[in-house]
Each structure stands twice: as C-alpha cells, then as structure tokens.
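Worksheet: one structure, shown below.
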Protein chains: 2
Amino acid sequence: MAQSDTVTRILDTAEVLFAERGFAETSLRNITSKARVNLAAVNYHFGSKKALIQAVFARYLDPFSQRFHTALDELEARYAGGVIPLEVLLETMASTVLAVPAERNSLKVFMRLLGLAYSQAQGHLRRYIQQQYGDVFTRFTELVRQATPHLPDAERFWRLHFMLGTVIFTLSGLDALRDIAAKDYNEQVTVKDLVRRLRPVVVAAMHAPLPLLQEEGHYANAHAS
Amino acid sequence: MAQSDTVTRILDTAEVLFAERGFAETSLRNITSKARVNLAAVNYHFGSKKALIQAVFARYLDPFSQRFHTALDELEARYAGGVIPLEVLLETMASTVLAVPAERNSLKVFMRLLGLAYSQAQGHLRRYIQQQYGDVFTRFTELVRQATPHLPDAERFWRLHFMLGTVIFTLSGLDALRDIAAKDYNEQVTVKDLVRRLRPVVVAAMHAPLPLLQEEGHYANAHAS
DNA sequence: CCTCCAGGAAAACAAGTGTTTAAAACATGA
DNA sequence: TCATGTTTTAAACACTTGTTTTCCTGGAGG
C-alpha cells in the first residue's frame, strides 16, 4: 500500500519515458516531475540512476525469466527425454513473451527496452542482464541445439542472433513501422499479428540451407574492416 | 589541404565516437579534444551538434545511395523490361553495402550508425535520412515487389523490415557478438563472412510460406498492448 | 603598406545534469 | 505520548552540456 507507492510511481513513469526517449535522454527531473514525486526520491529509493534503470528491467525480466523457466520445465516433462521440436520451442518463447502484459501492462515498452539494452551504449546494462538472466537464454539455446542437430554450432549461434535481431528490431520500432504500414496498407497491426507473421519467417530462416563456403571474389570491391 | 583539415578531423573522430558510444553520450568536448581541435570549431564549421551528426551520416550515405542507384540502373538495363530476380536484388544490395569501405574506411562504423539512427530517439535523424535517402529505398522495394508478386503487399513490407532488422541488428552489434562467437566457437568472423551467412537466411525468410490466418486462442494469456 | 576576413583559440555563458545534505513530516510500536 | 526509524521535501552542490562571444592569427589582394 503506502509502503512506497512512490517507488512504483517512479518505475511506472520511468519505464515509459525510457522507452520513448532512451536512457541518457531522460533526466531524473523529467521522471520525478512527471511522476509528481520529489527529485531526491530516486536516489533515496534506488541509489542511483543506473540502479533505477536496472530496476526497470528487473520488473519485466524477473517474472519473464521465471515464466520461461517453468514453461521449459513443462516442455521437458512433456517430451520426457526426447527432443523438443524447434517449432514448439519457438512457439513457447513467443507465448511467454506475449504473456508479459498479464502482469506488466505494456508489451511495447518491454520490447523497446530490450532494443535499447542492445543498442544503447550502457555497458553496465548488458552486463547486468547477461549475468542476471543469462541462464534462461543458455537453457533455451541448448534445447534449440538438440532440436537442430544438423546445424553447425556456429551457424546456429548466428541464426539465433539473426532472429533475435528481427524480433527486437521489429517489435521495438513497432510504433514507427505501424504508422507506415497503416498509412500504406491501411491495416492496423497488433503485436499478436506481428508474431503470427514472424512465425513462418523465423522457422524458414532456421531451416535455410547452409551457406556455400567461400565463393572467392564474389563481391567486387569488398574489403574487410 | 589546409582548406579545413579541421572539418575532416572532426568528422573522422566524431563518427567513431558516435558509433561506439551513441550520440547523447558523446560530448563535443569529447570529440574536439580527441581530434585535437578547438571546441568552438564544431559550431563554427557545422553550426550545431545535430548538424554534425547529419554530416557524419551524409558522408556515408551520399556515396552509398549514389552507388546503389547506379547499380540498380545497371540491373534494370541488364534485365531490360523483365523482372529482376530477388536473389540478384539482394546480392546487389549486399555488394553495395560491402563496397562502402572503398571510400570511407569502416563498414562497422557505417552499420553501427545505421543501427543508432533507428534505435536512438533522435527524431530529427530519422526524418533527415528518410527525406534525403528515402527514394533509393523506395526504388529498391518497388523492384522487390516485382520480384515477389506472390507476396501480399503488407506481408512483403513486414518481411523486408524483418530482414532489415536482422542485418542492422547483427552488423551493428557485431563487436559484442564477435567476441562471444570467438570465445565459444573460436572462429574469427569478418563482415564478409556474416554476409555470406546472411544470404540463405534472408532468401529463405522472404520465401517462407504465408502465415496461417488467425488461429484464435492459440496463445494463452495473450493480451494486446 | 594597409585592409580584409576566414579560421583558430580561450573564455565565458546559461542551462541542465546526477547526487547530497539537512531539515521537516510522517508513521508506528512501546 | 513519546521516541524511533522511515519518507518526503527544498535547497544546494559540483559538474557537464551545447553554444556564443571575444580576441588573436596569418595570409591574399588592392
């Protein structure tokens, strides 16, 4: 209750400001004034701006990774000992992501934050996320490995990141893209629609034939950087 | 020459600092001190920080869009009147991107900047890029449309952005990913390698079967945001 | 010679930043 | 009710930010 309504007001305000403007571009005075809370409250309750940023992420990622873990538990039980098909794994991940708004209210904010975590400098964030939630991701990729034994490890690694890029890029830039799409194809897309569109694309990408190796001289004027 | 060696020193320094730290996180004092140039020089030569950012982009995008235009000209001549196959279009785009380092020296910086342009708030940048270089992109997508007549317009739109996400996300986060990949699969990837890996994935993604429409209730707990 | 003026250098400017301090208000259990 | 510990508040602090201003330099052209 009153047990620091301030804390949640700060978090609620911070997450949407961060999502729409980035971390460096959002000042504490920005947050606190919009949340109608004293400026010092952030440092009092969280210690620093960095800690506030991490708290914003934790509020999304804690329940998410927990849900994901139990979802994977169920899968492993269902396919006891056997291999879980790739489609099922992807489907599970998708539905876990889509379940986020059940407790927090904006999937859009969640995806945007993830996008920022990658693109923004903020080295401390990537480190924090990695060491805090890295194990779920590791567990997931291990299951993907078993589901795609034909893929060389390196190839699978890259393809997973390709798909991560697709999802995060699309869903985190959703607003801008949605505007264009609505204007050109007058169609009002929801996140759920997008996930529906993503499914066959991701599956096809993971099943794509292996790249031909080293067609030398294929690209004129190509220099490594 | 002395005809403002200062200008290029500023641009050279700014582009790498921007690429590795972002725009807001890079101060003019940061740039000018590293470039061993007076602080006021930026405002003298460019007018403002925003203008400097745009100048950094222009130095990459001007030659790029020019090259891309002539490459498309050649393609249209070669396939006079006919449809240019999707693979050829993608190949052309890839080699145009890979040709960037021929004049500017870092493909990595280029991709990182593109990534920032999307993810960073910086509304002015997206607008600038859109109205300055939007026509090449429009032309390219029109050719893609002709090459993929079976795809509904909206579906093609989204798939193109999916792939844009893949490429920009991967290539702009290249350094971090490369470190992980090198550690786990001791393999030293170059940008060229990545493009080679990307090719079949992108092609497969574009040719993926259309999504099933509306399997209602497929995702439990799913709420739109 | 002097003028002119693009360019460089140092300093100041006003505004905004995260963080800290110290006092006040509040709540709660003894 | 009083003392205790927790929150809230306003003010200040110590910087950093982008931008301007002012002065100084060094040639080119008349």
Side-chain angles (χ1 to χ4, degrees), chain A residues 1-59 113 116-117 120-125 127-128, chain B residues 1-59 113 116-117 120-125 127-128:
Chain A
M1 301 293 114
Q3 140 64 350
S4 257
D5 165 52
T6 306
V7 169
T8 65
R9 276 240 295 288
I10 292 176
L11 286 172
D12 288 344
T13 313
E15 74 174 28
V16 345
L17 289 182
F18 284 155
E20 62 191 28
R21 302 217 266 265
F23 305 116
E25 294 83 350
T26 304
S27 72
L28 293 185
R29 285 170 177 79
N30 240 319
I31 297 169
T32 53
S33 74
K34 185 156 191 176
R36 283 171 310 131
V37 149
N38 190 270
L39 168 62
V42 168
N43 283 275
Y44 177 76
H45 287 287
F46 298 93
S48 70
K49 185 180 181 180
K50 261 154 70 158
L52 169 63
I53 296 177
Q54 296 182 355
V56 166
F57 274 85
R59 206 165 57 141
L113 288 176
L116 287 178
Q120 207 96 340
Q122 302 289 3
H124 74 96
L125 232 190
R127 263 175 278 124
Y128 170 78
Chain B
M1 301 277 128
Q3 142 61 350
S4 260
D5 164 52
T6 306
V7 169
T8 64
R9 276 242 295 288
I10 291 176
L11 286 173
D12 288 343
T13 313
E15 72 175 28
V16 346
L17 288 182
F18 285 154
E20 62 191 28
R21 303 217 265 265
F23 305 116
E25 294 85 348
T26 304
S27 71
L28 294 184
R29 284 171 176 80
N30 239 320
I31 297 168
T32 53
S33 73
K34 185 155 190 177
R36 282 171 310 129
V37 149
N38 190 269
L39 168 62
V42 168
N43 283 275
Y44 178 78
H45 287 286
F46 298 92
S48 70
K49 185 180 180 179
K50 261 154 70 159
L52 169 62
I53 296 177
Q54 296 183 356
V56 166
F57 274 86
R59 206 166 56 141
L113 288 176
L116 287 177
Q120 208 95 339
Q122 302 289 2
H124 75 97
L125 232 190
R127 261 175 280 125
Y128 170 79

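Within every chain, numbering begins at 1; the chains are lettered A, B, ... in the order of the sequence lines, protein sequences first and strands thereafter. This structure is a prediction, so every number in the text was calculated from the model and none was measured. Reckoned from all heavy atoms, side chains included, excluding hydrogens, waters and symmetry mates.
- Exactly one residue among B:R21, B:K34, B:E20 makes a side-chain contact (heavy atoms from CB on, under 4.5 Å) with B:T26. That residue is B:R21.
- For the pair B:K49 NZ and D:dT16 P, the interatomic distance rounds to 15 Å; values are reported in whole Å.
- One atom, NE2 of B:H45, and another, P of D:dG18, lie 18 Å apart when rounded to the nearest Å.
- Checking the phosphate oxygens (OP1, OP2) of C:dG8, a side-chain nitrogen or oxygen of B:T6 falls inside 4.0 Å.
- Rounded to the nearest 0.5 angstrom, B:T8 OG1 and B:R59 CZ are separated by 7.0 Å.
- Rounded to whole angstrom, the span from the NE2 atom of B:H124 across to the P atom of D:dG18 amounts to 12 Å.
- Separating the CG atom of A:D5 from the P atom of D:dT7 is a distance of 13 Å, rounded to the nearest angstrom.
- A:F23 places its CZ atom 14 Å from the P atom of C:dG18, with the value rounded to the nearest Å.
- Taken to the nearest 0.5 Å, the CD1 atom of B:I31 stands 13.5 Å off from the CZ atom of B:R9.
- Proximity of B:T6 to B:N38: side-chain heavy atoms (C-beta onward) are nowhere separated by under 4.5 Å.
- The side chain of B:S27 places an N or O atom within less than 4.0 Å of a non-bridging phosphate oxygen (OP1 or OP2) of D:dT17.
- Of all the residues in residues 28-44 of chain B, B:R29, B:N38, B:A40, B:Y44 reach under 4.0 Å from DNA chain C with at least one non-hydrogen atom.
- Taking atom CD1 of residue B:I10 and atom P of nucleotide D:dT19, one finds them 13 Å apart after rounding to whole Å.
- In this pair, A:F57 and A:F23 present their aromatic rings tilted. The plane angle is within the 30 to 60° band.
- Between A:T13 and A:V37 the shortest side-chain heavy-atom distance does not fall below 4.5 Å.
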